[in-house]
Structure formats: C-alpha cells, structure tokens
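Just below is one structure, and these are the notes that go with it.
Note on naming: letters A, B, ... go to the chains in the order of the sequence lines (proteins, then strands), and numbering restarts at 1 for each one.
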There are 2 protein chains.
Amino acid sequence: MEEWQPPIANIAVDLVVLTVRQDRLQLLVIERGIDPYQGALALPGGFVQEDEDLPDAARRELHEETQISAASLHLEQLRTYAKPGRDPRGRIVSVAYLALAPNLPTPVGDTDAARAYWMPVHELAGRRLAFDHADIIRDGLERARSKLEYTTLATTFCPELFTLSELRRVYEVVWGVRLDARNFQRKVLSTEGFVVPTGEIRRGEAGRPARLYRRGPAGSLHPPMTAEH
Amino acid sequence: MEEWQPPIANIAVDLVVLTVRQDRLQLLVIERGIDPYQGALALPGGFVQEDEDLPDAARRELHEETQISAASLHLEQLRTYAKPGRDPRGRIVSVAYLALAPNLPTPVGDTDAARAYWMPVHELAGRRLAFDHADIIRDGLERARSKLEYTTLATTFCPELFTLSELRRVYEVVWGVRLDARNFQRKVLSTEGFVVPTGEIRRGEAGRPARLYRRGPAGSLHPPMTAEH
DNA sequence: GAAATAGTGTCTCTAAGACAGTATGCT
DNA sequence: AGCATACTGTCTTAGAGACACTATTTC
C-alpha cells in the first residue's frame, strides 16, 4: 500500500508596512507590473525560501522590493491567510507581518515587475487590491490601532529623538482623533519608562522650541492610552 | 531556461484547547503513540487537506482525534510556527488555533496512534513536549489570559447558563488570582451586554441558591476587567 | 509685534479597590 | 441549629476628561 502524503503548498510572506508621513497614516504598496492582478495594488512580499525563517523572509522581501532596510523597524507576525483559491496560481499560504516604521524615504524599488510607493490609507478606498490583500490591510490597521492603546509602539513611528507633539500626532493620525495636549503630556510623562527626556531642545522651527525625548524601556501601558470621546 | 519554482511545504494546524474543570485551567493534550516524539505530549492537530480552509481543518482534526465537537466552542487563530527544523519530518508550517470550551467530557479519542486527555496546565512543567508545542502552549495561555481582560470571552468557558460565582471562578483559575466577589459583581453587572439575567435560579446545592445568567451580546470590555493587585 | 508652537494646573467625575454583614438555602 | 454559599453598600483613591493662559521662538 502506498504511503499517504500530506498535501503541499507554497509559503509566502506579505507585509503591512505603516508609517506616518505628512501628518497622515501611510501604507507601503506595490503596483503590480505582472499578472496575476497586473496593475492592481498589492502588499510587498514573496515566497519563503527553503530553510528560511519567516521574519528573515519578511525582512528580505521588504529590502528586495523596496530597498528599505528592516533594521530600525518594528516587525511582528499579524495573521495567516490560507483560504483555498486566494491565489489563482495554486495553494499559497501567506503569513502576514505588520511593520511600523518612522518616516522613511520614498522607496526606490522600481523594477519591471513592480513599483513601490507610500499611499495614505484613506486613499485606498475604491482602489483595486490584489488577492485578499484588502483583508490583510484591514487586519493590520486594526492591530496597529489597538496596539497603540496598550503598548508603547507609537514611538516606533517616531525618529530616534522626538517631541511630545510628534508623538501625539502619531496617535491623532493613526486613530483619526484629536487629543488634548495637556492630558496627553500628563499621561505620557506619568507613565514610567514610556519616554526618557534627553535634555536636548529642538530649535530652528517656528514657535517655542520643544524638548526632545527618546523611547523608554517600557513596552506595555498600564493603564492604557485611550481616545477621548 | 527552467522556470523557478518556489519551495514547497506541508501545512498543519495545531490546537490549544483550554477548559476549566475542577477549578483548574486544563489543556487538551495528546500522548503520542508513534514517532517522532513517541510518548511525548503534543497538541491535537494534523495536516490541512487540499481545498480545505484552516478553521475547517482545525475543527476536523479536533473531532477526529478527540471526538470533541467544535460546535459550541470559541476558535480563533493564534499564530503560525515555521522555523526550519521544527519538525524532523521536513518543512512543516503549523498554524496554531486557540479554542476555549466549557467543561467538556473526557475525550474518548483513544486510537493506536494517540491517547487524548485533559491535563491541568500547571502539571505541564517538566513534561516532555513534542516539536515546539511548548512555545505554542505558552503563546496560547498568554493570549487567553490577556483576552479575558478586554473581551467577554470568559463566558465561553461557562455552560449556557451560569452563575456569577462560576464566571468569577473562570477569572480566578485562568489568572491564578482571587477576586473580590462584590467588586466583581458590580463590574460585570454594570457592563452593558456582558451577561443577561434569565430569572432562573440554581438550587439543589448547598448554600443560598444563585441567579443564573446567559452570555450577553457584548464582545469587548470598556473599561477592561482587571486583576486587583 | 505678530504668528506659531510648547508648556503648565485645577476641578469634576468615573471607576477601581478595600472592606463586613445579612439572606437563604441545605443537612 | 449550624453550615455553606449568594448577595448587597460605602468610603477612599487614582486617573480620565474638560478647560485657558503664559512662555519662547521665528519671521
């Protein structure tokens, strides 16, 4: 009797890379130059190699497709998508990753197969998206929004040195709300290890110079940051 | 030139099935009867079939291995494990699911290949676990514990009708803490849609009879349930 | 000096946490 | 009668949310 063999599949990673640019939450998208879904928007990603771990594959694909280095960038597994038929090329199981990045330069990944650029998330509505990437983006946005509540991840959207106004803008842009500056400062500064003051001052722009902070060692927020009603 | 083909893998699902029995948090484990890891403890699970979606595979494997029906049971995707070498049989990517169940009968899945039973999670320490299942269990427990905070998932550990004491026991057992009964009742009853009173009373046991409740329509808890310090 | 942004203090109200005694069934 | 469990109310304290003015720079 023949020994039974389990079905086979290809493994891919897809990345939801978010950043805050120009006071808007932006997503890194690929405009597909080849079929399937030629001309549609897609997430950066690709197949996992033999003997390659998933986070390594995510970092490699991001760099290959957009020249963005995953060095100073938060990367976490989001969810796995495996519905039969989600990719017309066959059974492809995609492990999605969520990456949060400080304001990065416009990607230069401009190959024959794909063009990469940042797009404000509110401009995605109505655009044609490849595969089930609309679902993945929705899940990624939801994860990012909820993680800002109970973790210090908002600082990963900021450069190494940042002002409290910049940090507040992150919350306002990601959540689409306005926050009271006084309550926000009180909350952030009273949370042990959220940010650490550097003593430095940012000058050169209009208005009173702002104190610069660096991200602190704390990872979770007790109690959480909340959007006012 | 040959066309490049992406590497192939097998897809599996593994289940972290938790329940509260005998005032203890218990995990559904399989004692493996065959290699690899013969004799070690493992999670129920198996390979995903062709054209099968992941939740369907999870439900099917659970039923095949333990005769437990996944009808009234919360099932959610936990995380995907794909590190090369995690399974000596080859490249196997496992999508783990977390299931929470009310007190279920002892599983009867007792085949030549595996024996299934409930085990209190605190007895897992020091036991030999197959593959990377120790990691999966750790992640599943962490997810379950944190979800009790900000969702109404605790009710999925309870039968259809339950008392507030039973619900409180769920929190106490999963979190390993003691909760003040008065503060707990105030919190639960003041959260719109957490539980709905049925008007029925449970009698027949020692002590004053308790009111019976049913799970309410609310899914998330604002503000969250917290363990007292 | 006008415009722009940073920074600060107080009050109110909600909800968490601590705490003890009464009610109602069972044996 | 005694035991076991269910149920209830108040005080204190922490933190959210609302709110207006002063400080310091650039142009």
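Atom CZ of R208(A) and atom C1' of dG7(C) are 5 Å apart (whole Å). Rounded to whole angstrom, the span from the CZ atom of R202(B) across to the C1' atom of dA6(D) amounts to 13 Å. The nearest whole Å value for the distance from the OH atom in Y171(B) to the C1' atom in dG17(C) is 17 Å. Taking atom CD of residue Q185(A) and atom C1' of nucleotide dG17(D), one finds them 16 Å apart after rounding to whole Å. The nearest whole Å value for the distance from the CG atom in L189(A) to the P atom in dG7(C) is 9 Å. Distance, M225(B) CE to dA15(C) C1': 13 Å, rounded to whole Å. The distance from atom CZ of R178(A) to atom C1' of dG17(D) is 16 Å, rounded to the nearest whole Å.
Residues T163(A) and S190(B) both approach DNA chain C. Their nearest nucleotides, taken by heavy-atom distance, put T163(A) toward the 5′ side. Each of E166(B) and D180(B) has a nearest nucleotide on DNA chain D; the 5'-most of these lies closest to E166(B).
In this structure, R169(B) pairs ionically with E172(B), as a charged nitrogen and a carboxylate oxygen lie closer than 4.0 Å.
One finds a side-chain N or O of S165(A) lying less than 4.0 angstrom from the OP1 or OP2 phosphate oxygen of dA6(C). For K187(B), no side-chain nitrogen or oxygen approaches OP1 or OP2 of dA15(C) to under 4.0 Å.
Counting only heavy atoms from C-beta on, P223(A) has its side chain closest to dA16(D) among dA16(D), dG17(C), dA4(D). The side chain of R203(A) sits closest to dT25(D) out of dT25(D), dA16(D), dC19(C). Relative to the side chain of R182(B), the nucleotides dC19(D), dA20(C), dT24(D) differ in distance, and dA20(C) lies closest.
Residue T226(B) is in sugar-phosphate contact alone, with no base atom involved, counting any heavy-atom pair closer than 4.0 Å across all strands shown. Looking at heavy-atom distances under 4.0 Å, R211(A) makes contact with sugar-phosphate atoms alone, never a base.
In the interface, the side chain of R186(A) is not paired with the base of dG7(C) through any donor and acceptor atom under 3.5 Å apart.
Under 3.5 Å, the side chains of E76(A) and H74(A) contain a donor-acceptor pair of N or O atoms. One side chain, Y81(B) or D139(B), offers a donor N or O that lies under 3.5 Å from an acceptor on the other.
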